[in-house]
Amino acid sequence: PHSFPPPEVMPSLNPNALAEAQSSSEMFDVMCPPTAGFDVYKDRPVPTGESKSRGVVHQLKIWHRSVHVWLVDPARSLVALQKRSPNKDTFPGRWDIIAEQ
């Protein structure tokens, strides 16, 4: 178990870091949720052709495309994590993987 200083004590090493935790104007492609049945011809949700802001898709819990990146060191059994900003609209202040979109 490692202990880390609180975020306010840790200096920002990234001069390009965002000043805010998220932008509500970020646009997401809206997807149709998968059906209860199994469709052998497609293995993922289908785009609707709509695009909505990040804030709207999260507030209304609309399906949208996302990508998660995991940094793993199997030789040392380590996974890189970061503490989410307290200003995030989803799971603020929680530990999370390094990158997701």
Side-chain angles (χ1 to χ4, degrees):
H2 298 282
S3 65
F4 297 97
E8 59 274 4
V9 175
M10 296 175 64
S12 176
L13 301 177
N14 182 353
N16 299 312
L18 298 175
E20 58 186 31
Q22 63 204 22
S23 171
S24 61
S25 63
E26 183 179 356
M27 297 304 287
F28 283 45
D29 293 328
V30 175
M31 310 295 276
C32 292
T35 60
F38 184 78
D39 186 342
V40 296
Y41 297 104
K42 62 181 187 242
D43 62 352
R44 58 189 56 109
V46 178
T48 64
E50 292 180 82
S51 184
K52 296 187 185 293
S53 72
R54 178 186 197 289
V56 169
V57 297
H58 284 168
Q59 179 184 20
L60 299 179
K61 299 181 180 172
I62 296 172
W63 276 77
H64 59 284
R65 188 176 5 205
S66 69
V67 174
H68 292 249
V69 178
W70 290 73
L71 300 178
V72 178
D73 181 346
R76 297 188 299 164
S77 299
L78 297 174
V79 176
L81 298 174
Q82 68 178 355
K83 187 111 180 203
R84 291 173 67 87
S85 166
N87 300 324
K88 295 294 276 185
D89 61 347
T90 55
F91 307 104
R94 301 265 182 100
W95 288 100
D96 199 0
I97 60 172
I98 292 299
E100 55 189 288
Q101 174 61 32

### CG on Asp29 to OG1 on Thr48, rounded to 0.5 Å
8.0 Å
### Task
Could you tell me the separation between the CG atom of Asp96 and the NZ atom of Lys88, rounded to the nearest 0.5 Å?
8.5 Å
Nearest heavy-atom pair of [X] and [Y]: which atoms, and what distance?
X	Y	value
Ile97	Gln82	O-NE2, 3.5 Å
Pro86	Pro92	O-CB, 3.5 Å
His64	Val57	ND1-CG2, 4.1 Å

### Message
Check whether Ser51 reaches the backbone of Met27 with its side chain - one donor and one acceptor, N or O, closer than 3.5 Å.
### Response
no
### Query
Any sub-3.5 Å donor-acceptor pair from Arg84's side-chain atoms to Thr90's backbone N or O?
yes
#### Entry: Residues forming a side chain to side chain contact (heavy atoms under 4.5 Å, CB included) with Leu81, sequence neighbours excluded
Val79, Trp95
